[in-house]
Structure formats: structure tokens, C-alpha cells
Amino acid sequence: MKLCIIGSGHVGLVSGACFAEIGHRVICVDSDREKIEKLSNGVIPIYEPGLEELVEKGRNSGRLLFTAELSKAVRDSDVIFVAVGTPPMPDGKADLSYVEAVCREISEVMDSYKIIVEKSTVPVETGEWVKQTLQRNIHSVDFDVVSNPEFLREGTAIKDFMEPDRIVIGVESERAEKIMREIYAPLSSPIVITDIKSAEIIKHAGNSFLALKISYINAIATICELAKADVEKVAAGIGLDKRIGASFLKAGIGYGGSCFPKDISAFIDIAGELGYDFELLKAVENINKVQREKIVKKLRDVLWTLNNKTVGILGLSFKPDTDDMREAPSIYIVNELQKEGVSIRAYDPAAIENAKRIWNGITYCKNAYEAAEGCHAIMILTEWREFQELDLEKVKKQMIQPVVIDGRNIYEPVKMKKLGFTYVSIGR
Ligand code: UGA
């Protein structure tokens with residue numbers, strides 16, 4: 001099949017490389033010529049394990065191409081995936097102007113039947129707008145609109161694409177359904193066929209449910225702290241119930257990233273527009289915000305005053321195995337500490353370059369031991385595997401006083417006490 005993917009961000013690029021891997025010819029389009037130039041030369045602008053190799057393989061096979069010329073790519077393809085950004089606006093709404101602009105451009109150059117697929121995360125009813133936008137310009141050729149949301153996690157996106165729990169296709173014609181099924185035929189995952197609006201809601205409802213699980217366990221963590229119980233044990237105890245499931249029950253400093261915060265506020269917004277006050281999700285957002293504030297309070301409770309103290313930050317990215325700092329809890333936490341006069345020594349295995357674009361007043365370190373040097377406390381903000389494997393005796397020797405505030409519950413409280421640390425974590 002001949003596919004074209006408009007937008008070469010995380011979703012567009014991973015999907016493009018994976019579609020090429022399963023046998024399709026794919027043209028990835030982006031208006032950023034510099035990015036296209038780099039991609040054409042095998043330079044990958046994002047950190048995603050395995051992506052560089054896959055892009056290289058696709059380029060060598062001749063099935064993966066990159067261009068900034070949308071019109072030719074659209075004409076040369078049967079199916080056009082729209083994977084441009086839908087960033088949040090100040091009021092929480094998703095900004096759909098890039099989606100609209102791309103649809104207008106597609107409609108101006110289409111000269112034969114095409115399927116236009118919404119791949120970007122969009123609020124319900126966007127499909128209707130896409131259809132209307134296309135109809136305004138297209139008169140002589142037929143087209144179909146499809147919603148095919150993605151469920152890729154950063155860090156494991158290739159596996160998520162190749163072995164998805166399900167593939168969701170929101171579609172209105174048999175012709176388009178047959179073609180979409182053909183595209184995904186090499187993957188053996190279950191396919192859920194729905195109408196377009198239901199597919200759009202599946203994406204928002206799925207991400208919101210996962211965020212809800214996180215805020216739920218964080219609320220339980222607070223109760224555990226008050227009652228002197230252990231949230232890790234509670235999570236294990238409820239997670240074994242198959243109806244609940246063990247995943248996304250990790251208490252901590254809350255969710256971040258380019259998806260959950262944006263999608264939850266966009267879902268609250270569209271629900272409101274449709275006439276439903278989504279109080280449940282508003283509580284999810286609020287609990288998430290409180291988790292960040294609480295970790296700063298925990299630090300204050302141990303150090304008393306923060307002015308002129310030195311704190312080592314281990315982990316800046318919003319989760320491990322990515323350099324992505326969008327909406328990372330670390331941003332709020334470091335900003336708060338800076339406001340209170342704390343000197344920050346930070347280390348992250350991948351996100352330092354991105355962090356440098358946010359702060360220049362902090363000391364960036366080459367490893368965790370260097371970050372611990374001369375510190376009154378260290379804070380774990382991302383659960384990178386290498387932090388779990390640290391020589392903690394060595395860490396302790398670097399510090400002025402042995403205080404660890406663990407925002408991701410990566411160490412055992414009993415072991416930390418034995419090692420002589422003042423150890424504070426979440427819900428334990
Ligand atoms: C999320 C979804 O998991 C994907 O299915 C979806 O496709 C993607 O959003 C998207 O909409 O594009 P992602 O943002 O990459 O993927 O990250 P997750 O692994 O879901 O983690 C999100 C946040 O939740 C992270 O900050 C993580 O630290 C936090 N989290 C996760 C917890 O605090 N506790 C948990 O138990 C799980």
C-alpha cells in the first residue's frame with residue numbers, strides 16, 4: 001500500500017518507520033525542511049529506542065522516504081495519515097489549527113480517491129470538521145475520513161506499534177474499512193471497528209482512564225501516609241485482581257508528558273462543550289498537581305529551611321527511557337526549589353540537553369555521584385533503571401547529609417534506613 005504521513009513528530013515518525021517495516025511504501029512529510037533534510041540523512045531528531053535502526057532499514061529498502069513537498073506525496077499515496085501536533089491552548093482546548101491547515105492543503109491537491117486518517121489525538125467531532133473542510137474544496141473525487149488513534153508510549157513506541165493490544169479504526173464506508181484492514185493485516189492484533197466519533201472518544205477515554213488510575217493510587221498513597229500503611233503493598237494487593245490490573249498503579253509525583261496532561265484537559269473541555277461537567281477528571285487533574293507540591297513539602301519537612309541548601313536532582317525527563325521534558329513534574333519542582341534559594345545539581349541520562357533549554361542557573365552533572373556531591377539532600381524524580389543500581393554507600397559519601405527524597409519509590413525503606421539515610425518516599 002502507498003501511505004503518506006503528514007507530520008514527522010514522535011507519532012508520525014514511529015508510525016512511518018513501522019509501516020515501512022511491515023511492507024508499505026511510506027512518504028513522511030513535514031513542513032520543517034531542516035528536519036526533513038536530517039531525516040533523509042538518517043539523523044533522528046527524537047530519542048526513541050530502536051527508531052534510528054528502523055529508519056535506516058526503511059531508507060535502505062527504499063520504502064521509507066522523506067519530503068517537505070506535501071502535494072506530490074499526497075498525489076502519490078492511497079492513504080494519508082494526519083499526525084500533526086494538537087498542542088493545548090491556555091484554556092485547555094486542543095489547538096486544531098494545524099489539522100485544519102493540513103486538511104485544506106490536502107483538499108487542494110487531491111486528484112483521486114484517498115482515505116484521510118486522523119492519527120493525531122483530537123477531540124470527538126473533529127472528524128466532522130475534517131470532512132467539511134475537505135468537502136469545501138473537493139468536488140470531482142471521492143474520499144473517506146477515518147479515525148485511527150495511536151496508543152504508542154514514548155520509550156516503547158516501536159513494540160507498541162508492532163504488538164498493540166488492539167487497533168482501533170473508526171470508519172464510515174466498507175471501502176475504507178477494507179483498505180484499513182489491509183494496511184494492518186501484517187499485525188496479528190485484534191481490530192476494533194467503530195464509527196468515527198467512538199474511535200475519537202476511545203483515545204481520550206483510554207488516556208484519561210490511565211491517568212485516573214495514577215491519581216487514584218496517589219490518593220491512596222496519601223491515605224497510607226496518614227494511616228502509616230504502605231501504598232506499594234496496597235497496589236500489589238489490589239492489582240492482582242484481574243478486574244483492576246497491576247499496571248498504572250505506581251504512586252509517585254504524578255503523570256507528565258506530552259499526552260496525559262493535554263488529553264485530560266482537552267477531554268474535560270470537549271465534555272463541557274457537549275454539556276457534561278466532567279468532575280471526576282477535574283479531580284484527577286487536581287490530585288496530580290498536589291503530588292508535585294507535596295514532594296517539595298516533604299523536602300522542606302526534612303531540611304527545615306531551603307534557602308542556601310544544595311539539592312541533587314536525579315531524573316528530569318517525565319519518565320524513564322525518553323529525553324522528553326514536556327510537562328515533566330521536574331519542571332515545577334526545580335522551579336519551586338529555585339524560588340526558595342536552593343542550588344540545584346542535576347543529572348539525567350538523556351534529558352540534559354532539553355533541560356538546558358529550560359534552566360541555565362543549575363549545575364548539570366555527568367552522573368548521579370557527581371550530582372550528589374556536597375548536597376543536603378537528593379531527590380529522585382524519574383525512575384531510570386541506573387538509579388536503582390547505584391552504589392548508595394558511594395552516594396552517601398558525596399553528600400553533606402544523607403537525605404533521599406524519593407518521588408518514585410525506587411528504594412526499600414528498610415534498606416535505606418540500614419544504610420543510614422533519612423529516606424522519605426510516597427505513601428510508605
Ligand atoms: C501515554 C499512553 O500510555 C499511550 O498509550 C498513549 O499512546 C500516549 O500517552 C499518547 O497519547 O500518545 P506516554 O505519555 O508515552 O504514553 O507515557 P506513559 O508511559 O503512559 O506515562 C505517562 C506518565 O504517567 C509518566 O509521567 C509516568 O511517570 C506516569 N505514570 C505512569 C505514573 O506516575 N504511574 C504509573 O503507574 C504509570
Side-chain angles (χ1 to χ4, degrees), residues 7 9-15 18 46-49 83 85-88 94 118-123 148-161 163-168 200 202-221 231-232 234-236 238-239 244-267 284-285 287-292 294-295 315-333 351 380-384 406-410 425-427:
H10 185 263
V11 172
L13 203 50
V14 171
S15 305
C18 290
I46 53 169
Y47 178 97
E48 181 62 48
T86 52
E118 292 174 352
K119 198 73 176 152
S120 312
T121 300
V122 291
N148 174 216
E150 55 81 22
F151 304 103
L152 312 176
R153 282 165 300 176
E154 287 187 26
T156 55
I158 292 168
K159 187 170 184 294
D160 290 344
F161 187 98
E163 300 161 32
D165 291 343
R166 79 304 202 189
I167 294 156
V168 174
E200 290 168 336
I202 285 171
K203 172 69 194 197
H204 267 163
N207 271 3
S208 303
F209 191 79
L210 294 171
L212 182 139
K213 278 187 96 176
I214 299 168
S215 281
Y216 182 77
I217 202 65
N218 282 332
I220 298 293
V231 72
E232 294 293 320
V234 175
I238 61 173
I244 296 173
S247 58
F248 281 74
L249 286 182
K250 189 87 188 119
I253 47 175
Y255 59 79
S258 65
C259 305
F260 286 180
K262 159 179 88 84
D263 291 355
I264 277 71
S265 57
F267 203 22
V284 166
E285 268 190 337
I287 292 168
N288 200 54
K289 182 170 156 277
V290 167
Q291 286 309 106
R292 296 168 185 196
K294 268 174 48 183
I295 195 95
L316 295 165
S317 57
F318 83 97
K319 66 172 194 176
D321 295 320
T322 176
D323 64 351
D324 198 338
M325 291 210 42
R326 285 175 287 177
E327 297 291 328
S330 66
I331 298 178
Y332 168 85
I333 294 161
I380 313 285
L381 301 189
T382 317
E383 66 279 31
W384 284 92
D406 182 357
R408 299 292 185 176
N409 289 358
I410 64 171
S425 54
I426 311 281

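If you read the sequence from its start, that first residue is 1, and numbering goes on from there. As the structure lists them, so they are numbered: ligands from 1, and atoms in each ligand from 1.
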task: Any atoms of ligand 1 less than 4.0 Å from a non-hydrogen atom of E154? List them with their elements.
output: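 So the answer, numbered in order with elements, is 15 (O).
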query: Numbering the atoms of ligand 1 from 1, which are under 4.0 Å from a heavy atom of D263?
result: 11 (O)
Under 3.5 Å between any N/O of [X] and any N/O of ligand 1: does that happen in this structure?
X    : result
Y255 : no
K250 : yes
G256 : yes
E383 : no
E150 : yes
F318 : yes

query: So which protein heavy atom does atom 1 (C) of ligand 1 come closest to, and at what separation?
result: F260 CE2, 3.5 Å
message: In terms of relative ring orientation, are Y47 and W384 parallel, tilted or perpendicular, with 30° and 60° separating the classes?
response: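 Ring orientation of Y47 relative to W384: perpendicular.
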With backbone taken as N, CA, C and O and side chain as the heavy atoms from C-beta onward, which portion of [X] lies under 4.0 Å from ligand 1: side chain, backbone, both, or neither?
X    : value
R408 : side chain
L152 : backbone
K213 : neither

